[in-house]
Amino acid sequence: MTIDNVEKDVKEYSKLVYRTAMSILKNQHDTEDIFQEVFIKLYEQKKEFTSKEHKKAWLIRVTINECKSLLRRSWYKNRNELDENIQATEKAEDNVFYVVEKLPVKYRTVILLYYYERYKEKEISEILHVSEGAVKSRLFRARNMLKEKLEGGF
Amino acid sequence: MNNLDMYRTTLNKIEPEEWLIEQTINRIKRIEAQKKNRNVQDIIKKIIITGVSVSACTGGAFAAAKILNLDDKFAEYFNLKNGKLEEMGINICEVGETVEANNVKVTLEQFIADKNNIYVILQIEGIEQISKYQFSKGKTFEESNLLGGTVNVTKNLNLSNSCFVNLAGVNELNDGDYITIRVDLGDNKHLDITTKIEKTVTEISKQVNYKIERENGDSAILKNIKISPLGMELILDITNNKEINENGVKYGYSDFDRILMLKNGENIRLDNKDIELNYNDLIYTDEEIVEESESIDGKRYMFYYIPFGDLIKLDDISKLTLGNTQIDMEKLVAEGSDDEKYSNISTYKKDISDIEQENIIKDNKIKEYLTNNQIVSTVEFVGSGYVDLYYFDKDGKFAYYKGESLVTEEGQIISYRGEWSIENGKLILKVLEEEKAVGGEIVEADELFDKHLENYEEVVKQVNYTKTYNVEKNKFDSREYISLGESNLYQLSIKEDMKNIVKTLASEGYSKYRELK
């Protein structure tokens with residue numbers, strides 16, 4: 001991939017990668033690190049993408065893998081909760097975003113992909129490398145968890 | 001604003017600052033520039049390294065030393081194709097062997113695995129620590145076969161020169177597959193290790209008998225505990241669970257709650273902070289656990305990746321707390337004889353019979369679902385449209401019937417029948433007879449019907465072909481179903497006459513079926 005193409009991609013997909021990483025890591029500094037790693041990886045990889053959607057799905061998958069890898073590290077704990085980007089006044093307890101962010105990683109990831117990125121269950125299963133049944137099950141559980149905390153649920 | 005809108009609105013506000021985008025682009029530009037500058041110099045270095053490699057391997061005196069440092073540019077320089085790599089003496093690294101390049105030696109020490117994960121333990125000399133790696137399927141590193149992303153290496157907590165390489169994507173790997181791990185040595189250098197997968201499991205397994213009490217009076221018996229470098233597995237007997245017996249299934253969730261799979265695919269909640277494990281003066285709690293998993297038989301609950309960073313020794317666990325129960329580890333250790341205690345702390349290959357047993361359990365659950373005297377259909381509920389119906393009987397006969405659909409073209413299959421079986425998660429349909437629409441005339445769409453075929457003849461023909469589908473039993477919104485390739489099969493309540501048509505077709509054939517139609 002040429003440097004010009006990568007520059008274009010960094011600009012085009014910056015929000016996608018940043019948002020995905022932030023949703024998982026809930027920490028701005030770590031998100032910034034992962035953000036750079038993902039685009040360096042995009043530059044270094046030699047895969048031909050068949051479409052924009054293919055590239056987008058690849059970026060999401062790599063971002064999630066990078067984040068999970070970071071979370072697995074034994075020293076990774078007691079990190080600051082998000083988020084310096086959002087105004088403090090919006091961090092109300094009834095703000096659904098913060099409720100979602102308190103779900104375990106695997107649940108908030110499917111919520112992000114399904115409700116925000118609007119992927120279908122089958123597509124999410126391909127991105128996450130899990131069965132479609134597992135995606136449905138996670139969505140179901142996530143919705144139930146949210147129902148307990150939110151009026152109206154999702 | 002509803003919750004979903006609020007969620008999207010808040011997420012929309014999360015975006016990177018401009019400086020981060022600029023910094024990322026500049027960083028990539030620097031990498032590009034460095035690569036260009038080093039290109040010629042690197043090629044010269046690699047020629048020298050490869051010269052040593054070939055002489056070591058062909059000489060036979062240093063079979064353990066293998067140098068596999070070939071990157072794409074180098075391969076291009078020599079016009080090498082994959083097939084030629086082995087001709088050059090690129091051998092497969094086995095456990096105990098060392099790969100060497102750029103003054104760094106990496107020894108492949110051990111595979112550790114369970115059914116959910118595989119780790120490779122590497123011993124490293126000549127560099128403080130490998131920080132990142134990627135791996136791909138195959139005997140050479142191929143971007144197109146990449147599994148997972150770039151992954152950070154987990155350093156062994158106790159042995160400073162070794163580290164764990166987590167081969168995520170274990171589901172795509174089988175015993176005997178070749179993988180190539182590309183470790184990043186920094187400074188734009190890397191080293192490739194090619195090896196064959198051996199799903200070797202190292203674990204401690206103990207039969208125990210501990211009662212775990214919950215605040216609501218329910219209890220479960222912990223029957224078996226398995227601890228490995230990859231995690232902890234608990235097998236529980238929940239037959240005396242009052243909540244399930246009296247009230248049926250209840251779902252409950254909160255932050256960091258653990259969902260415990262029970263019999264019949266039901267769930268119950270263990271409360272927050274249920275698990276605490278003291279090991280080597282360190283305390284591991286829920287928050288240390290990144291992944292979790294449930295077993296197919298619904299009786300096991302698995303916690304993943306408590307990062308011990310080493311093979312855990314049962315003797316070094318000082319305390320294990322489950323719910324309100326603190327397990328006396330000294331007693332637990334003392335219960336078994338030394339032979340029993342340590343015989344399991346060894347490396348063994350996962351027995352093929354375990355895998356077969358798991359497959360049998362899965363297959364039986366699917367069989368049970370399909371043969372429950374029910375019609376199954378690819379639609380979840382009977383609507384006004386058509387329904388594709390299947391009937392599977394216990395004697396191994398099945399029928400497929402296209403139900404109420406309109407025949408839209410000549411040659412369309414209306415029904416077929418034959419024999420069915422399930423083996424290793426695959427549904428095999430041996431089709432022996434099929435019914436097709438022959439002749440007829442197309443009627444254009446009107447207010448009531450779409451374009452369709454009328455006055456056709458239903459012709460039955462003897463055939464012999466097989467359809468094979470991947471099948472899996474799943475559950476969603478409390479409703480169980482079978483995933484059948486790309487579609488799902490649901491147990492369906494339909495009218496008795498319709499049910500009889502399909503059942504008769506399966507068991508008695510086309511003559512009786514015609515009478516009922």
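Here is the naming used below: chain letters follow the sequence lines, and residue numbers restart at 1 for every chain. Model, not experiment: these values are computed from the prediction.
- Considering only residues two or more places apart in sequence or on other chains, A/E32 meets the side-chain contact (heavy atoms from CB on, under 4.5 Å) condition with A/Y18, A/Q28, A/H29, B/W19, B/L20.
- For A/E117, the salt bridge (Lys or Arg N to Asp or Glu O under 4.0 Å) partners two or more places apart in sequence, or in a different chain, are A/R19, A/K56.
- Note: B/T10 OG1 to A/Y98 OH = 7.0 Å, rounded to the nearest 0.5 Å.
- To the nearest 0.5 Å, the span separating CD1 on B/I25 from CZ on A/F39 amounts to 9.0 Å.
- Both the backbone and the side chain of A/L112 come within contact range of chain B, each with at least one heavy atom under 4.5 Å from a heavy atom of that chain.
- Note: B/I28 CD1 to A/Q36 CD = 8.5 Å, rounded to the nearest 0.5 Å.
- Between A/E7 atom CD and B/I21 atom CD1 the span is 11.0 Å, to the nearest 0.5 Å.
- Side-chain contact between B/I14 and A/F97 is present, with heavy atoms from C-beta onward closer than 4.5 Å.
- Going from atom OH of A/Y116 over to atom CG of B/L11 covers 6.0 Å, rounded to the nearest 0.5 Å.
- Of the possible polar contacts, none joining the B/R27 side chain to the A/I40 backbone as a donor-acceptor pair under 3.5 Å is found.
- Taken from OG in A/S14 to CD in B/E18, the straight-line distance is 8.0 Å, to the nearest 0.5 Å.
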task = Give the C-alpha distance, both sets of side-chain angles, the deciding distance and a yes or no for side-chain contact (heavy atoms from CB on, under 4.5 Å) between B/R8 and A/R118.
result = CA-CA 11 Å; B/R8 287 180 181 142; A/R118 296 169 192 247; 3.0 Å; yes
